[in-house]
Amino acid sequence: MTSQELNSYFEILARINKAKEILTALQNTALPATRLLDGMPNASGVKDRVGDKAAEIVDIEHKIDLLEKEAEQTRETIVVFIDGIEDELLRIIFRLRFQRGLTWQEVADILGRKYTPEGVRTSAYRYLKKSSKTA
């Protein structure tokens, strides 16, 4: 497993969040507008905003479903890799960083005073380098 593969999980989650933001914006713009009731006929300019946005909304929802499936598969691969780490401290570091998405600073803070962000990051990448040579 490489750091790129481990970080891909968070990239997928970021893409899901962005797609959900776009979906929310589309849904908000697709809400029917209230009509001005002034008694005057209005033939031109009639639009079906819900209908116009429906196809886009369905596309985004489909994209989100695909990304969520991809994220779950990636997460499962990462969990299997992390569960195979024999050293308990390294396993904790990998879980905090690559499963929960914490920053290196947050990982070091959880582990205690004697750990620095640089130290935990170095330990993780050293393990990745070592494990890629043995694979």
Side-chain angles (χ1 to χ4, degrees):
M1 175 108 8
T2 66
S3 61
Q4 186 176 16
E5 290 170 321
L6 290 167
N7 287 319
S8 69
Y9 177 62
F10 298 106
E11 292 167 6
I12 295 168
L13 292 180
R15 289 171 49 202
I16 290 170
N17 288 334
K18 184 64 177 170
K20 285 182 177 180
E21 288 174 11
I22 292 169
L23 176 62
T24 301
L26 282 171
Q27 289 170 333
N28 289 339
T29 61
L31 294 175
T34 58
R35 207 177 145 127
L36 181 61
L37 299 175
D38 60 2
M40 299 300 295
N42 287 333
S44 64
V46 176
K47 286 189 173 187
D48 180 11
R49 293 192 322 174
V50 176
D52 292 344
K53 302 289 183 185
E56 292 177 54
I57 289 171
V58 169
D59 286 344
I60 293 289
E61 288 173 338
H62 181 68
K63 181 179 179 179
I64 290 169
D65 287 341
L66 292 176
L67 287 170
E68 286 175 341
K69 288 176 185 170
E70 183 181 353
E72 185 56 32
Q73 290 172 344
T74 303
R75 185 183 177 287
E76 288 173 8
T77 304
I78 290 170
V79 168
V80 168
F81 172 75
I82 292 173
D83 287 346
I85 299 173
E86 292 180 16
D87 183 282
E88 185 178 347
L89 178 62
L90 274 172
R91 196 170 46 250
I92 291 169
I93 290 170
F94 274 78
R95 279 192 183 128
L96 293 172
R97 174 64 179 173
F98 298 109
Q99 271 184 260
R100 293 183 55 199
L102 301 180
T103 65
W104 292 115
Q105 179 65 56
E106 292 168 329
V107 173
D109 291 344
I110 289 171
L111 294 176
R113 258 186 238 218
K114 70 179 190 174
Y115 296 97
T116 65
E118 296 79 24
V120 292
R121 183 178 60 239
T122 300
S123 296
Y125 287 122
R126 188 179 301 134
Y127 178 81
L128 286 174
K129 190 173 186 179
K130 179 182 141 195
S131 68
S132 69
K133 288 182 181 179
T134 59

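Just so you know, these numbers come straight off a predicted model, no measurement behind them.
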Inset, instruction - For side chain to side chain donor-acceptor pair (under 3.5 Å), just list the numbers for Asp109 and Gln105, CA-CA rounded to whole Å, side-chain angles, deciding distance to a tenth of an Å, and then say yes or no. - result: CA-CA 6 Å; Asp109 291 344; Gln105 179 65 56; 2.8 Å; yes
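- Rounded to the nearest 0.5 angstrom, Asn28 CG and Leu23 CG are separated by 9.5 Å.
- For the atom pair OG1 of Thr74 and CG of Leu13, the computed distance is 9.0 Å after rounding to the nearest 0.5 Å.
- To the nearest 0.5 Å, the span separating CD1 on Ile57 from OG1 on Thr24 amounts to 10.0 Å.
- Closest of all the heavy-atom pairs between Pro117 and Ala108 is N-CB, 3.6 Å.
- From Thr77, atom OG1 reaches atom CD of Glu72 across 9.5 Å, with rounding to the nearest 0.5 Å.
- Of all the heavy atoms in Ile78 and Glu5, the pair that sits closest is CD1-O, 4.2 Å.
- No continuous path of ILVMFWY side-chain contacts below 4.5 Å connects Val79 to Ile82, so the two sit in separate hydrophobic clusters.
- The distance from the CZ atom of Phe10 to the CZ atom of Arg75 is 10.0 Å, given to the nearest 0.5 Å.
- Considering all non-hydrogen atoms of both residues, Ser3 and Tyr125 come closest at CB-CE2, 3.2 Å.
- The residue from Leu67, Leu66, Ile60 that alone fulfils the side-chain contact (heavy atoms from CB on, under 4.5 Å) condition with Ile64 is Ile60.
- To the nearest 0.5 Å, atoms CD (Gln4) and CG (Leu6) are separated by 10.5 Å.
- Nearest heavy atoms, Leu90 versus Ser123: CD2-O, 3.7 Å.
- In this view, Arg95 and Asp83 satisfy the salt bridge (charged side-chain N to carboxylate O under 4.0 Å, His left out) rule, not counting sequence neighbours.
- Under the side-chain contact (heavy atoms from CB on, under 4.5 Å) rule, Ile93 has a single partner from Tyr127, Trp104, Phe98, which is Trp104.
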Legend entry - Trace of the side-chain contact (heavy atoms from CB on, under 4.5 Å) decision for Ser131 with Phe81: CA-CA 11 Å; Ser131 68; Phe81 172 75; 4.3 Å; yes
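- Across all non-hydrogen atoms, the minimal contact from Leu128 to Met1 is CD2-O, 3.5 Å.
- Under a 3.5 Å cut-off, the side chain of Ser132 and the backbone N or O of Lys129 do form a donor-acceptor pair.
- Every residue two or more places apart in sequence or in another chain that forms a salt bridge (charged side-chain N to carboxylate O under 4.0 Å, His left out) with Glu68 is listed here: Lys20.
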